[in-house]
Engineer: 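Just passing along the structure, written as structure tokens.
Just follow the structure's listing: the first ligand is 1, and inside any ligand the first atom is 1. Values below: all heavy atoms of this structure, side chains included; hydrogens, waters and symmetry mates excluded.
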Amino acid sequence: MQNLWENTSKEKGNFSYCPDNQIVDLTIIGGGFTGCSAALEAARRGASVALLESEKIGFGGSGRNVGLVNAGLWLPPKKIISILGEKQGETLISALGSAPDLVFSIIEDNQIKCDPERNGTLHCAHSEKGVDYLINRAKQKQEYGEPVALLDEKETQNKIGSSKFFGSLHDPRAGTIQPLAYCHGLARKAKELGAKIYEKSKATQVRRHNGRWHTNIKDVIIQSKYLLFAMNAYQDLNEEQNTGKFSTVYYSQFATRALNSNEMSTILPNKEGCWDTATIMSSFRVDDAGRIILGTMGNSEGLGRRIHSNWANKKLRDLFPFLPELEFNYRWSGKIAMTKDHIPKIVNFEKNALSCFGYSGRGIAPGTFFGKACAEALLSEDLSMLPIPTLKHYREPLTREKTAFFEMAAMANNSVKSLKM
Ligand SMILES: Cc1cc2nc3c(=O)[nH]c(=O)nc-3n(C[C@H](O)[C@H](O)[C@H](O)COP(=O)(O)OP(=O)(O)OC[C@H]3O[C@@H](n4cnc5c(N)ncnc54)[C@H](O)[C@@H]3O)c2cc1C
């Protein structure tokens with residue numbers, strides 16, 4: 001089955017493979033939000049840029065995600081402060097709190113056709129305990145000036161059209177987009193400003209020679225003063241060139257046909273994007289045409305395909321029992337780059353080279369922001385302007401084991417949940 005976003009993107013790129021050797025200011029490897037945002041910023045500053053994407057723009061997480069333009073990280077503010085310290089923690093909280101403004105202004109300024117809706121998101125309590133969690137989260141966020149509001153059971157029901165939740169936390173800074181179209185729009189605008197955007201151009205080797213970066217695409221070589229790795233969970237380079245080792249978590253989505261106005265009348269009339277407080281999280285939203293999109297942790301293209309598909313069928317009925325029997329016309333999955341502390345990383349692995357990854361499931365606004373910040377920092381040779389301090393390397397132990405554990409937990413959870421719904 002297909003990825004909905006590929007089928008409905010109103011932005012279509014027209015990018016070729018990288019044909020010849022060339023010399024540019026900045027080489028970017030990876031054509032997702034991070035790489036395309038960096039390319040746009042660098043081109044806007046008048047730098048010459050080559051972006052290499054091994055498959056097609058948005059092939060990785062950027063073309064597979066839910067489309068929730070969230071403000072901030074998963075972690076509540078106090079947790080971020082406890083990891084990064086007061087000064088750096090506050091810098092990151094404030095930068096990512098306003099990152100949706102950056103995304104929505106890029107969309108507006110460049111007329112990116114990605115169905116933006118900015119009516120906020122709802123973090124939904126799936127249990128009484130979930131309400132307590134949200135109360136604590138709201139308190140912390142409000143202490144840091146974040147404009148979130150707790151909604152009670154009735155208010156939540158009115159917003160969602162489902163009686164399944166005990167309350168929710170509304171964040172008006174956030175919204176939803178068609179994520180692949182947004183990624184294509186970034187690349188399209190970067191190209192209009194002079195960036196060279198190449199698809200089917202896998203970087204096979206990277207080395208530093210005579211003070212310049214040499215990036216191979218088979219026999220073709222791109223030389224540049226600056227280099228940015230923007231491969232996140234889809235990094236595909238030789239093991240010795242990997243600048244980040246972290247675990248990956250699969251997330252899958254299922255989309256129905258477009259519902260008619262009668263069927264849709266009470267479901268998410270304001271189109272907020274939603275996710276719940278369960279440890280094995282699930283999400284739901286509607287798209288521009290009125291399709292319902294459900295998401296769950298787990299790989300619907302792997303061993304757990306039946307389990308996750310069964311979960312989706314039951315979940316849809318559980319949330320909206322008044323709907324007629326609906327099939328899912330689309331099903332797809334993607335890999336999330338999950339760091340141990342859920343904080344993104346920027347690795348300055350050599351002179352004039354950065355690698356940026358680990359958004360831990362929140363990469364639209366952070367990826368746009370970090371990509372732009374990395375381009376600015378590289379081109380001005382001032383790493384102090386980055387939102388987090390850089391590392392020399394980043395390697396977590398037992399990443400394969402953790403990835404397998406997450407998948408087994410998702411399969412077990414969705415089997416049990418399906419029985420209960
Ligand atoms: C299913 C799912 C749902 C998600 N939902 C949300 C959400 O609702 N909101 C949110 O904010 N975030 C969400 N995320 C996270 C978000 O999608 C990612 O954090 C974000 O897309 C990362 O962007 P990126 O540009 O860093 O990496 P990617 O988009 O993964 O791009 C990396 C690219 O690098 C390319 N590449 C790798 N190796 C090479 C090479 N050697 N040469 C050339 N190219 C190479 C890959 O092909 C890939 O296209 C979700 C992620 C997934 C998987």
Engineer: Between F33 and Y182, is the ring centre distance below 6.0 Å?
Structural biologist: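 That pair passes the under 6.0 Å test.
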Engineer: Taking the basic N atoms (NZ, or NE/NH1/NH2) and the acidic carboxylate oxygens, is any pair closer than 4.0 Å for R188 and E192?
Structural biologist: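 Here R188 pairs with E192 in a salt bridge, since their nearest N and O are under 4.0 Å apart.
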Engineer: Can you spot which of Y330, W5, F284 makes a side chain to side chain contact (heavy atoms under 4.5 Å, CB included) with I293?
Structural biologist: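 It is W5; the other options fail the test.
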Engineer: In terms of residue, atom name and distance, what is the protein heavy atom nearest to atom 49 (O) of ligand 1?
Structural biologist: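 Closest protein heavy atom to atom 49 (O) of ligand 1: E53 OE1, 2.7 Å.
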Engineer: State, with a plain yes or no, whether a side-chain heavy atom of I343 is found less than 4.5 Å away from one of L84.
Structural biologist: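 The answer is yes, as the side chains (C-beta and beyond) meet within the 4.5 Å cut-off.
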Engineer: If you have a sec, work out which protein heavy atom is nearest atom 13 (C) of ligand 1 and how many Å separate them, to one decimal?
Structural biologist: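 Here the closest protein heavy atom is G361 O, 3.2 Å.
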Engineer: Taking the side chain as every heavy atom from C-beta outward, state whether T156 and K159 have any atom pair closer than 4.5 Å.
Structural biologist: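 The answer is no, as the side chains (C-beta and beyond) never meet within the 4.5 Å cut-off.
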Engineer: Would T339 and E396 count as a side-chain contact (heavy atoms from CB on, under 4.5 Å) if you check the C-alpha gap in whole Å, the side-chain angles of each, and the deciding distance to 0.1 Å?
Structural biologist: CA-CA 8 Å; T339 60; E396 286 178 21; 3.7 Å; yes
Engineer: Output the list of atoms in ligand 1 that are nearer than 4.0 Å to some heavy atom of G334, sorted by atom number.
Structural biologist: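 Those qualifying, in numeric order: 53 (C).
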Engineer: To the nearest 0.1 Å, how far is atom 52 (C) of ligand 1 from its closest protein heavy atom, and which atom is that?
Structural biologist: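 Nearest neighbour among protein heavy atoms for atom 52 (C) of ligand 1, to 0.1 Å: I336 CG1, 3.6 Å.
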Engineer: Where is the nearest protein heavy atom to atom 37 (C) of ligand 1: which residue, which atom, and how far?
Structural biologist: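 So the nearest neighbour among protein heavy atoms is Y234 O, 3.0 Å.
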Engineer: Considering non-hydrogen atoms of the protein only, which is the closest contact for atom 10 (C) of ligand 1, and what is the distance?
Structural biologist: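 Of every protein heavy atom, G363 N, 3.3 Å lies nearest to atom 10 (C) of ligand 1.
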Engineer: May I ask which of G32, S360, G61, S54 has a heavy atom nearer to atom 43 (C) of ligand 1 than the others do?
Structural biologist: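 Comparing heavy atoms across G32, S360, G61, S54, the nearest one to atom 43 (C) of ligand 1 lies in S54.
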Engineer: Does a side-chain heavy-atom distance below 4.5 Å link Y359 with T34?
Structural biologist: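 Contact flag for Y359/T34 side chains = yes.
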Engineer: What distance separates M297 CE from I336 CD1, expressed to the nearest 0.5 Å?
Structural biologist: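 Spacing of CE (M297) from CD1 (I336) equals 7.5 Å.
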Engineer: Return yes if a side-chain donor-acceptor contact under 3.5 Å exists between T176 and E117, otherwise no.
Structural biologist: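 Distance-only check fails for T176 and E117.
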Engineer: Counting non-hydrogen protein atoms only, what is the nearest one to atom 22 (C) of ligand 1? Give residue, atom name and distance.
Structural biologist: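 Answer for atom 22 (C) of ligand 1: N232 ND2, 3.5 Å.
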Engineer: Just go through I29, I57, N65 and tell me whose heavy atom is the nearest to atom 4 (C) of ligand 1.
Structural biologist: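 Heavy atom nearest to atom 4 (C) of ligand 1 belongs to N65.
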Engineer: Looking only at distances, please establish whether an N/O atom of ligand 1 is found under 3.5 Å from an N/O atom of D236.
Structural biologist: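 Among all N and O atoms of D236, at least one is under 3.5 Å from an N or O of ligand 1.
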Engineer: Quick one: nearest non-hydrogen protein atom to atom 24 (P) of ligand 1, plus distance?
Structural biologist: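 Protein heavy atom with the smallest distance to atom 24 (P) of ligand 1: T34 OG1, 3.4 Å.
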Engineer: Check step by step if salt bridge (charged side-chain N to carboxylate O under 4.0 Å, His left out) holds for E301 and R331.
Structural biologist: CA-CA 9 Å; E301 289 157 311; R331 182 189 72 224; 6.0 Å; no
Engineer: Taking N or O atoms only and a 3.5 Å limit, does I364 qualify as a polar contact for ligand 1?
Structural biologist: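 Between I364 and ligand 1, an N or O pair is found under 3.5 Å apart.
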Engineer: Could you see which bit of Y359 sits under 4.0 Å from ligand 1, with heavy atoms only: side chain, backbone, both or neither?
Structural biologist: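 The answer is the side chain of Y359.
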Engineer: So, 4.0 Å and heavy atoms of A233: is ligand 1 close enough to count as a contact?
Structural biologist: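 No, that is not the case, since the closest heavy atom of the residue is not under 4.0 Å from the ligand.
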Engineer: What do you reckon, does G367 put a non-hydrogen atom under 4.0 Å from ligand 1?
Structural biologist: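 It does not; every heavy atom stays at 4.0 Å or beyond.
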Engineer: Counting distance only, does the side-chain N/O of D287 pair as donor-acceptor with the main-chain N or O of A289 below 3.5 Å?
Structural biologist: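 Checking the backbone N and O of A289 against the side chain of D287, a donor-acceptor pair under 3.5 Å is found.
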Engineer: Determine whether the side chain, the backbone, both or neither of L68 has a heavy atom under 4.0 Å from any heavy atom of ligand 1.
Structural biologist: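 Both backbone and side chain.
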Engineer: Starting from atom 23 (O) of ligand 1, find the nearest protein heavy-atom neighbour and note its residue, name and distance.
Structural biologist: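 Its nearest protein heavy-atom neighbour is S62 OG, 3.2 Å.
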Engineer: Is there any N or O on G60 that sits under 3.5 Å from an N or O of ligand 1?
Structural biologist: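 Checking ligand 1 against G60, an N or O pair does fall under 3.5 Å apart.
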Engineer: If you count the atoms of ligand 1 from 1 in the order shown, which ones are under 4.0 Å from a heavy atom of G31?
Structural biologist: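 Every atom of ligand 1 under 4.0 Å from some heavy atom of G31: 33 (C).
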